[in-house]
Amino acid sequence: MTPPEVRSGDVLHLSRTASVQFIRPITVRVIRVLADWHTYHGWVWIDAYELNAAGDAVRRRTLFLMPAGARRLAQRDRPAGAALPQGGRGRRLRPVGTR
C-alpha cells in the first residue's frame, strides 16, 4: 500500500501516529514538501503553517512526519467570487505621504 501523498495546500491533523514529536496534536497547512531533504522511506519533511482553532496561521514550522499517520482534513473554501481584503487585515492602502 502506498502512503498518501502530501501536497502544498493540504490541511493535516498531526498526532502521535504521524510522529512521536506530536504529543499534543496540531493542525497544519502544508506550504511545500521538502523533497530534496533526505529521509527514511515513508517519511517526509514539510514546511507548514500551524493553525489555531479558527484556522488562522499562527506559526511557521518545518516538520518531519510519516504521511501514513497524518489525517487529511477538509479545507474551508472561500466562497466563489469572494475577494481578499486589500492591504491585508482589511485595511486600504494609501499613497505615501497622505493621512
Among V30, L14, L12, which one satisfies side chain to side chain contact (heavy atoms under 4.5 Å, CB included) with L63?
L14

Could you check whether any side-chain N or O of T39 sits under 3.5 Å from a backbone N or O of V44, counting only pairs where one atom can act as donor and the other as acceptor?
no

Does the distance from a Lys or Arg side-chain N to an Asp or Glu carboxylate O, for R60 and D47, drop under 4.0 Å?
yes

Within-4.5 Å side-chain heavy-atom neighbours: I46 and I31:
no

Run V33 and W45 through side chain to side chain contact (heavy atoms under 4.5 Å, CB included) and show every step you take.
CA-CA 6 Å; V33 176; W45 281 97; over 6 Å; no

Is there side-chain contact between W43 and S19, with heavy atoms separated by less than 4.5 Å?
yes

May I ask you to decide if G69's main-chain N or O and T17's side chain share a donor-acceptor pair within less than 3.5 Å?
yes

Pairwise distance CZ(R24) to CZ(R16) - rounded to 0.5 angstrom
13.5 Å

Are any of the side-chain heavy atoms of H13 and P25 separated by less than 4.5 Å?
yes

Measure the CD1-OG distance between I23 and S15 for me, rounded to the nearest 0.5 Å.
12.0 Å

Please tell me if the side chains of D56 and Y49 come closer than 4.5 Å, counting only heavy atoms from C-beta onward.
no

Taking the side chain as every heavy atom from C-beta outward, state whether L51 and V28 have any atom pair closer than 4.5 Å.
no

Output, in order, the C-alpha distance, side-chain angles, deciding distance and verdict of salt bridge (Lys or Arg N to Asp or Glu O under 4.0 Å) for R29 and D10.
CA-CA 6 Å; R29 176 173 289 115; D10 285 351; over 6 Å; no

Within the 4.5 Å heavy-atom criterion, are E50 and T27 side-chain neighbours or not?
no

For the CZ atom of R61 and the CD atom of Q21, what is their distance to the nearest 0.5 Å?
6.5 Å

Between L34 and R32, is there a side-chain heavy-atom distance shorter than 4.5 Å?
yes

Kindly indicate whether the side chain of Y40, heavy atoms from C-beta on, has any atom under 4.5 Å from the side chain of F64.
yes

